[in-house]
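Sequence positions, counted from 1, serve as the residue numbers for this chain. Values below: all heavy atoms of this structure, side chains included; hydrogens, waters and symmetry mates excluded.
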Amino acid sequence: MMKSASSQISCHFYHTSVASFHQLASSPNLTSMIMASTDNPTIPTSVESSTRSKEKHRPNLEHQPPSRTLQVHESIFKLYSDARADAFPLSRAANRNEFMSYFSWGDPDRDPQQTQTAKVSLSTMLSFSTPKEKALMSVGILMATIAGFGIPVWLILLARALDAFSNMAVVIEISGGTNSLMDELRQELNKLCIGFAVVGLISLVCGFAYVSLWTYTGEQQALRIQKEFVRACLNQDAAWFDKNDRDTLPTKMGTSLMHISNAIGRQVADVYANGISSAGCLAVSLLLNTPLALIMLCAVPIAFIILALFNTCIRRVKKRSASEMASAGGIATEVLAGIKTVSSLCAQQHFKEKYESHVNASAKFSIRATVLSSLLAGITGALFYITYTVAFVVGTEQVISGMSMPVIIQCYLSSQPNCRVTGAAVMCCIYGVILCVTYFGLMGPGLSVINLGRSAAVDVFDTLLRHPAIDPSSKDGKKLDFFEGFIEFRRVFFSYVNNQNKPIFQDFNLKINAGQSIALVGPSGSGKSTIARLLLRFYDPNAGEIIVDGKSPITSFNVSWWRRQIGYVAQEPILFPGTIRENIALGNFSENAVTFEEVINAAKLACAHEFIIDLPSGYDTVYEGTSVQLSGGQMQRIAIARALLRNPRILILDEGELVSIYTSNTYSSLKFLRNSRKFRVPHILQKKKITTITIAHRLTTIIDSNVIAVINNGSIAELGDHGTLYRKENGIYRSLCESQGIKASNGAEQIPSPLDSSLDDGTLRVSYPFRNVEASSPIAEGELIPNKAVDPEHDTSGPDEYEEVDVPTARMSTVWSYLGADVLYATMGIIGSGGVGALSPCESILTAQIVTNFYVVPTDDMLEVNLKYIYKFLYFALASLIANLMVGIGLSRSGSNLGKKLRNIAFSAMLERSIGWFDDAENTTGELTKILSADAEAVESLTGLPLGFRIRVLASILTGVCVALAYSLQIGLVAIACIPIIMAAGLLQVCCAKRKFRSNNKGASPPTIMEQGLRGISSVQAYNLESKVGDDYEKALMPECADKVKTGMIAGFVFGFSQFAIFLSFAVIFYVGTEMLVNMELYFADFFTALLSVMFGALGASQVSADFNNRARGMISAARIFSVLDGPSDGTGDDEGAIVPINGNLEFTSVQFAFPSRPNRMVYTEMSLDVAQGESIGLVGRSGSGKSTILQILLRFYEITGGSAKLDGKELSSFNVNNLRRQIGYVGQLPVLFNGSVRYNILLGNPNATEDEIISAAKAANAHEFIMNLPQGYDSEVGPGGSMLSGGQKQRIAIARGIIRDPKILVLDEATAALDNESQKLVQLALDEIQDAQPRTTLTVAHRLLTVKHCNKIAFLGDGRVLEIGTHAELLAMKGHYYNLWCMQGSEQEQT
């Protein structure tokens, strides 16, 4: 198993190191070595041994590259095997195999029987501290040292006090208590009181200093690590993202960073202070009574063995719990991100059960861990009480021996201070050892937190310290003042890391001339988009190279500089939280500030200006990451404007969906840009030519390209212009053209374009970038252009201001109402916690009596009398075991089950919320997953172990007071008066927790920024936005930073004041008691019992890591969770509405509609449309005209605000939502797949489908063939979000998923947009055949008019209504909107 894990990780790092090989491949010395190695099979032993471990992991290629290329590639690999150590930043092993064995144990997905765990050293974790923070931590350590000596000094003072009481008894017995002697004794006791108070004051200062300093520095370092981790993730290469699920990264990061924050904060200083206290108490015990101390220490090894065994089991169980929770977080992320698809499939229940299975498993393991922890505490406590029994028996015998006359005479004659064992020495020695072990045990939780943080830091620091082969943050590489743009692929071999056995390119060769327009066509999955990724250096070839301008490999350039030369428009449009203006300005983020005028001009060139100014706030409209704000076409045009603003040397248009989504203006604009590749830039004397690379499925969009490359089977199958390729008999390209009805004479010049009239010899005149645009949409004369720049690198809005605001909290009664039957377990845990807390003050009764007997009982009877009390400690041992078990069983179930229930209920409620609810900026995927993770965990503390800790604190203090009252009313009353002092610090902490810092500048939250950044990582890296997203994330964290500073100060004051309050209370009680003793108003036994009960109660409280702030945090988090439960429902969780089969007659009459998040922005004002049963209708129109909105109303994602929407003569609102959606097949604009197999994704459409039905649906969607070519066929994993498939492959699986449910109504929202030409034709033919065989109502949204020309009727939408409706021929005859759009697309040439 170890070898297998090692090999798997080795395989991973092989691929991360490939790019490094090519950088060194250009070395002349290396070339000669390679040639020698290929001619001579003899390889040095060191290289050979390192190579053998890799041989079985090399891609098993069906079609090998030419032998020479493969030999060179293997030789490079052999020569660089040692260089892989750069990919092992956390290695501390002597060699690779040892590191692999060491590292593999840290995998949370590994066999739970693992016995080792990889960890990051504490010094590495603290390496992110600044010099100032290092100085503060040093001061904190000094203060922790002084604070740690507080308890040992208290022990010494207590021993002196007991000896003083003994002397007082002797004085009173001999002299009768003269005034002078009593005054002298009183002065001595007062000095002890002052000593106790001074110790308390020093503890206040030192405790406050070290806790606040280490809390502050820890939080600052944790935030810095958090920021740097986000930046490091954004800078990783694509191969890293192929191995790390982007959906689970936020959840894993949140959990790991929380553990890291705990590990490098005050826990370090607490562990150190407890260690000092433990060592000090042991030293005091050895000083007072060495033999007794050594006897008691014999129990310590037993305790250590028990502790080690239990902690090993606890760590394993906790790791499995964390792994299950991370899996649940990944499910929640992808489901919430694809909520429309989930709702259309009625798959809420399925995903609820899938999510709940992981949450339930996590809760089960969490319960086990808590029970084990409590059992450990019980066994340890029982062992201590057993040790008490032995120690007091031995101590009694020592006191008896010390009170014999020979010993007294010997001590009188001796100068040794401790020659005789007194009762004070025995008691203080026993409690010194017990406190030594106790404080050593208190190091355990802190060390566990630190070790947990060290384990959690492995993945985080592996990312932080990992230097990706393609590093956009690196300063290395060439930067040219000018380059032509000539690109050549030379014998390129490439395969993705996740599918190594299926090469994408084999001996791939392609030349792209400077300023040339080249189009890439081919079937889905052929590697068209891979070329874009290689050019953008998301990946580097496994072999071969990409040459720029005939001389420089692409790998020789600085990554960031190279990407700045490329304008990239991806298949799926990605926008980022912020204004429209800011999104467009991101296209030139790395350069100087972008003016508003330049943003407008870029938007006009992308045909986006018109719809942008119609938005509520125009260019300042904030895009918050919600789907309702912009349509797919609008988002795509903004993405084009962003690319145009970049004024690139190379323009990549990945048009899997691009052109088909656009309206006529955008379509013509893109064609114009492909033809007009010369930019006249005033400050550059020569003409700048743009090399344009277009990836297309629709051939009419690229027939005017200079060169068309047909990619098939990993290489270039055909190359030439449209006419040349079309004349090739039996050619692939010709067959594709014929399938779309394209003739050889087709050309861009035959397609009318409103932009053509503005052209001047094919030149678009622009200054850099777009300062003086001479294009189709110039800024109107007199139009006001605000003189406002958009500087992405400098925030012109000024520094953030923060204010403290009240945070809403939930009622405790509401939280407890969710416990249900677990209230009994919670009650059991509370009783057990109370019992554990009461043990310490109660044991003072026995201890005080035993110590009193040392002084008042004759030596002959002392042992017999004391044994009656000593044996009662065994009852305490049994009580400790039972009470701690009650705590573990009770509070583990009540806490974990509450968290489990709230997570499940909250997730279920989220899936039942209306789609409009998700459009709210406060309900983004990042915010919702944070509620399910961090908030739910905080609520667990309200009924879990933290509740038990708080009960223990209260029980210890109250029991101590009650015992004091029972033995001395006066001392008890004094103790009651001291309680407010002890509790004041905790109450202050609770009050401060109810107020948080909030930024006055509105913006996306940190989870939203991270989620959006990771989801759109391709666009982030293509536009060099890594630092921008990192800066936005850091800025969003500023309120949290301010809150952390306040938290650190409060935590330090609370801790220091609590220690001060304990010592001060003891000093006051001691003073009152001694006065009463001196005045003969109190017996010594009663005084000592009352004094110890209060002190032990206070010490017991201080030894519990109870954070009363946990309760306040839990109440705040509970309020956030309950706010989710109170949201609007979409009806999927209700049984209301008619559950009847539908026929498909649709009737929309005077429909009015506006999205809930934009109620003043009407989408429909007077929309009427009828669709008969079995009729197919195409919906066309400009982007944002409401085409997809009709489908969403039909699916009841939204309810209309006016008019009537009927199905089969009944209002849509009268139908049961689930029943309605199950009878509708929906394929969305952007295909959404879920992590799982191909079969799993298809079955989501119909869970009861048979294997034959799955295959039939796949064949109908033209997906069966490529599915069978996948490694495991239908059982092949698609990856998170379908990341292991191409866009066209994802779309075909989504179509199969829609077909398999055999719906009464079929809804296709650009369903064939991402398909290649042949697949589009076959899928469309299959859909037509299905329609002919079983006519069903079909609504098709399309921008590619050919896909709807055969519909029974076509509706053209615009201005909030249906502008035109009729058949294809009727609409063309009208020569209106539809006719213009048809002509714009050149579709009249595409008719068969």
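Side-chain atoms of S1168 come within 3.5 Å of backbone N or O of S1150 as a donor-acceptor pair. A distance-only check finds a donor-acceptor pair linking the side chain of T621 to the backbone of G618 [under 3.5 Å]. Between the side chain of T1367 and the main chain of E1370, a donor-acceptor pair closer than 3.5 Å is present. A donor-acceptor contact shorter than 3.5 Å links the side chain of D1208 to the backbone of N1145. A donor-acceptor contact shorter than 3.5 Å links the side chain of R1196 to the backbone of F1215. Put simply, the side chain of E1364 gets close to the backbone of Y1378: a donor and an acceptor are under 3.5 Å apart. Between the side chain of K1353 and the backbone N or O of I1365 there is no donor-acceptor pair closer than 3.5 Å.
With contacts defined as side-chain heavy-atom distances shorter than 4.5 Å, the pair V1180/L1345 qualifies. Here the side chains of L1357 and Y1164 are in contact, with some heavy-atom distance below 4.5 Å. At a threshold of 4.5 Å between non-hydrogen side-chain atoms, the residues L1194 and L1212 count as touching. By the 4.5 Å heavy-atom criterion applied to side chains, L1233 and R1297 are counted as neighbours. Contact annotation: the side chain of V710 never approaches that of L719 to less than 4.5 Å [non-hydrogen atoms, C-beta and beyond]. Residues W1382 and H1368 are in side-chain contact: their nearest non-hydrogen atoms beyond the backbone lie under 4.5 Å apart. The shortest distance between side-chain heavy atoms of N706 and D721 does not fall below 4.5 Å. Within the 4.5 Å cutoff, the side chain of T1189 has heavy atoms near those of the F1155 side chain.
Residues forming a side chain to side chain donor-acceptor pair (under 3.5 Å) with T1338 (at least two apart in sequence, or on another chain): Q1331. Not counting sequence neighbours, F1148 has no partner by the ring-ring contact (aromatic ring centres under 6.0 Å, His included) test. With sequence neighbours left out, the ring-ring contact (aromatic ring centres under 6.0 Å, His included) criterion links F1356 to H1377.
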Passes side chain to side chain contact (heavy atoms under 4.5 Å, CB included), L575 versus I638? Steps please.
-> CA-CA 8 Å; L575 300 185; I638 293 173; 3.7 Å; yes

Derivation of the side chain to side chain donor-acceptor pair (under 3.5 Å) call for T1201 and Q1152 | CA-CA 6 Å; T1201 55; Q1152 298 176 1; 5.1 Å; no

Decide yes or no on side chain to side chain contact (heavy atoms under 4.5 Å, CB included) for Q516 and V707, but give the supporting numbers first.
-> CA-CA 8 Å; Q516 190 178 56; V707 177; 3.0 Å; yes

Run the numbers on F1153 and M1167 for side chain to side chain contact (heavy atoms under 4.5 Å, CB included), then give the verdict.
-> CA-CA 9 Å; F1153 175 75; M1167 198 276 290; over 6 Å; no

Quick one: do S1176 and N1352 satisfy side chain to side chain contact (heavy atoms under 4.5 Å, CB included)? Show the steps, please.
-> CA-CA 5 Å; S1176 61; N1352 299 124; 3.2 Å; yes

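The two residues N712 and I732 come nearest to each other via the heavy atoms ND2-CD1, 3.8 Å. The two residues Q1173 and T1337 come nearest to each other via the heavy atoms CA-OG1, 3.6 Å. The nearest pair of heavy atoms linking G1186 to V1163 is CA-CG1, 4.0 Å. Across all non-hydrogen atoms, the minimal contact from I915 to Y1198 is CG2-OH, 3.3 Å. Here the closest heavy-atom approach between residue G515 and residue T691 is recorded as N-OG1, 3.0 Å. Between D1359 and T1165, the closest heavy-atom pair is O-OG1, 3.8 Å.
In this structure, CG on L1179 lies 6.5 Å from CG on L1169, to the nearest 0.5 angstrom. The structure places NZ of K1290 at 7.5 Å from CG of L1285, a figure rounded to the nearest 0.5 Å. To the nearest 0.5 Å, the span separating CG on L1207 from OG on S1213 amounts to 11.0 Å. Distance CD1/I1224 to CG/L1306: 10.0 Å, rounded to 0.5 Å. Annotation: the span from N730 atom CG to K728 atom NZ amounts to 10.0 Å, rounded to 0.5 Å. Atom CD1 of I702 is separated from atom CD1 of I693 by 14.0 Å, given to the nearest 0.5 angstrom.
No more than 12 heavy atoms of other residues, nucleotides or ligands shown are found within 6.0 angstrom of CD on E1265.
No side-chain donor from either of S1204 and E1147 sits under 3.5 Å from a side-chain acceptor of the other.
Under the 4.0 Å criterion applied to side-chain N and carboxylate O atoms, R1336 and D1302 are assigned as salt-bridge partners.
Checked against the 6.0 Å centroid threshold, Y733 and Y726 do not count as a close aromatic pair.
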